[in-house]
Amino acid sequence: MKIEYYIESALLQFLKTKPIDSIRVIDLIEEIGICKGTFYKYYKDKYHLLVCCFQKYYYNDILSGADDWESFISRSLSTFKKTPAVLLNAFDSQDINSLRSYHEELMGKYFLTEQTAESGGYYRYSVEVFSRCTTDIIIGWLKNKCTESNHLMIERMKAIMPVTLYHGLMNKGDTK
């Protein structure tokens with residue numbers, strides 16, 4: 001197996017019990033018995049590692065099976081429900097390079113296309129606001145032990161969707 005697998009696995013194991021800001025690169029290095037140079041050959045820092053982990057183990061699968069934005073959210077919730085402690089600890093960061101920033105960027109990529117990007121800054125701002133609010137709703141749902149159904153969560157997200165974003169999605173001719 002590739003060394004990245006061991007590094008990523010160690011991070012995911014640590015995230016079961018510790019927030020990302022309290023995990024040190026040296027902890028990961030010592031856990032798997034590699035040198036610092038090996039870690040930095042693959043990752044800029046622990047936040048880069050975190051994003052790579054989540055891209056590989058969460059987001060790629062979610063995005064590949066999402067037919068529209070509701071299935072994107074539903075698939076996200078179903079995936080996140082499997083490892084709530086890991087997700088809560090991964091999102092529990094004050095760093096600008098955090099998973100929260102990456103998640104918001106990913107949501108933005110999902111909603112923004114070349115067509116919608118031309119519609120100006122207000123649409124882009126609507127996507128950013130919606131992404132931040134959606135992230136907060138998901139984190140609250142995880143903290144609340146995922147008691148609400150996916151359907152209810154999607155309805156909550158629809159309720160906070162800015163009108164500008166809604167119209168942008170409808171004008172694209174699909175429901176993404």
Side-chain angles (χ1 to χ4, degrees), residues 8-9 11-23 47 49-113 115-117 119 122-176:
E8 292 163 358
S9 295
L11 177 64
L12 292 172
Q13 195 62 34
F14 278 122
L15 286 171
K16 289 179 180 178
T17 59
K18 296 173 145 182
I20 186 66
D21 287 351
S22 69
I23 298 171
Y47 300 102
L49 166 61
L50 180 64
V51 167
C52 290
C53 277
F54 274 73
Q55 184 69 46
K56 187 181 293 180
Y57 298 105
Y58 291 93
Y59 296 128
N60 283 343
D61 183 49
I62 293 167
L63 286 171
S64 67
D67 298 326
D68 55 31
W69 81 271
E70 287 184 22
S71 67
F72 169 71
I73 298 298
S74 183
R75 289 177 63 85
S76 297
L77 295 171
S78 295
T79 300
F80 296 165
K81 191 181 225 178
K82 295 174 188 171
T83 55
V86 169
L87 282 145
L88 288 171
N89 285 328
F91 277 101
D92 188 14
S93 177
Q94 301 304 311
D95 195 284
I96 190 71
N97 297 315
S98 72
L99 187 60
R100 175 183 284 276
S101 298
Y102 177 74
H103 185 258
E104 291 167 4
E105 179 184 328
L106 182 68
M107 293 271 296
K109 285 179 185 176
Y110 186 80
F111 284 107
L112 289 171
T113 65
Q115 178 185 357
T116 58
S119 59
Y122 192 70
Y123 184 82
R124 183 175 299 280
Y125 176 74
S126 295
V127 170
E128 289 174 16
V129 168
F130 181 65
S131 297
R132 286 188 187 117
C133 291
T134 300
T135 301
D136 289 341
I137 287 172
I138 291 170
I139 290 171
W141 177 72
L142 290 168
K143 286 180 178 178
N144 197 29
K145 310 258 189 268
C146 310
T147 55
E148 295 89 359
S149 69
N150 283 12
H151 177 73
L152 178 60
M153 294 296 292
I154 289 169
E155 291 303 313
R156 281 191 181 156
M157 290 178 209
K158 278 184 184 178
I160 62 160
M161 182 181 282
V163 173
T164 306
L165 179 56
Y166 177 79
H167 287 299
L169 293 173
M170 295 306 110
N171 290 336
K172 290 192 314 184
D174 62 20
T175 56
K176 275 190 176 173

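Throughout, residue positions are numbered sequentially from 1 according to the sequence presented.
Considering all non-hydrogen atoms of both residues, Tyr57 and Glu8 come closest at OH-OE1, 3.1 Å. Minimum heavy-atom separation, Lys81 to Trp141: CB-CH2, 3.8 Å. In plain terms, the two heavy atoms of Ala90 and Ile20 that are nearest each other are O-CG2, 3.5 Å. Of all heavy-atom pairs spanning Val86 and Lys16, the tightest one is CG2-CG, 3.6 Å. In terms of heavy-atom proximity, Leu99 sits nearest to Leu50 at CB-CD2, 3.7 Å. Taking each heavy atom of Met153 and Leu77 in turn, the nearest pair found is CB-CD1, 3.4 Å.
Interatomic distance, Gln13 CD to Ile23 CD1, rounded to the nearest 0.5 Å: 10.5 Å. Rounded to the nearest 0.5 angstrom, Phe80 CZ and Asn150 CG are separated by 11.5 Å. Between atom CG of residue Leu88 and atom OG1 of residue Thr83 there is a gap of 9.5 Å, rounded to the nearest 0.5 Å. Atom CD1 in Ile138 sits 11.5 Å away from atom SG in Cys133 (nearest 0.5 Å). Distance check, rounded to the nearest 0.5 Å: OG of Ser76 to OH of Tyr58 gives 12.0 Å. Lys143 NZ to Leu87 CG: the interatomic distance, rounded to the nearest 0.5 Å, is 12.5 Å.
Looking only at distances, a side-chain donor or acceptor of Asn89 sits under 3.5 Å from a matching main-chain atom of Ala85. Judged by distance alone, the side chain of Asp21 and the main-chain N or O of Gln94 form a donor-acceptor pair under 3.5 Å. In terms of modelled atom types and a separation under 3.5 Å, the side chain of Ser74 and the main chain of Glu70 share no donor-acceptor contact.
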- Task: Test side chain to side chain contact (heavy atoms under 4.5 Å, CB included) on Thr79 and Tyr59 and set out the steps.
- Result: CA-CA 9 Å; Thr79 300; Tyr59 296 128; over 6 Å; no

- Please assess Thr134 against Ile73 for the test side chain to side chain contact (heavy atoms under 4.5 Å, CB included), listing each intermediate value before the final yes or no. CA-CA 9 Å; Thr134 300; Ile73 298 298; 4.2 Å; yes

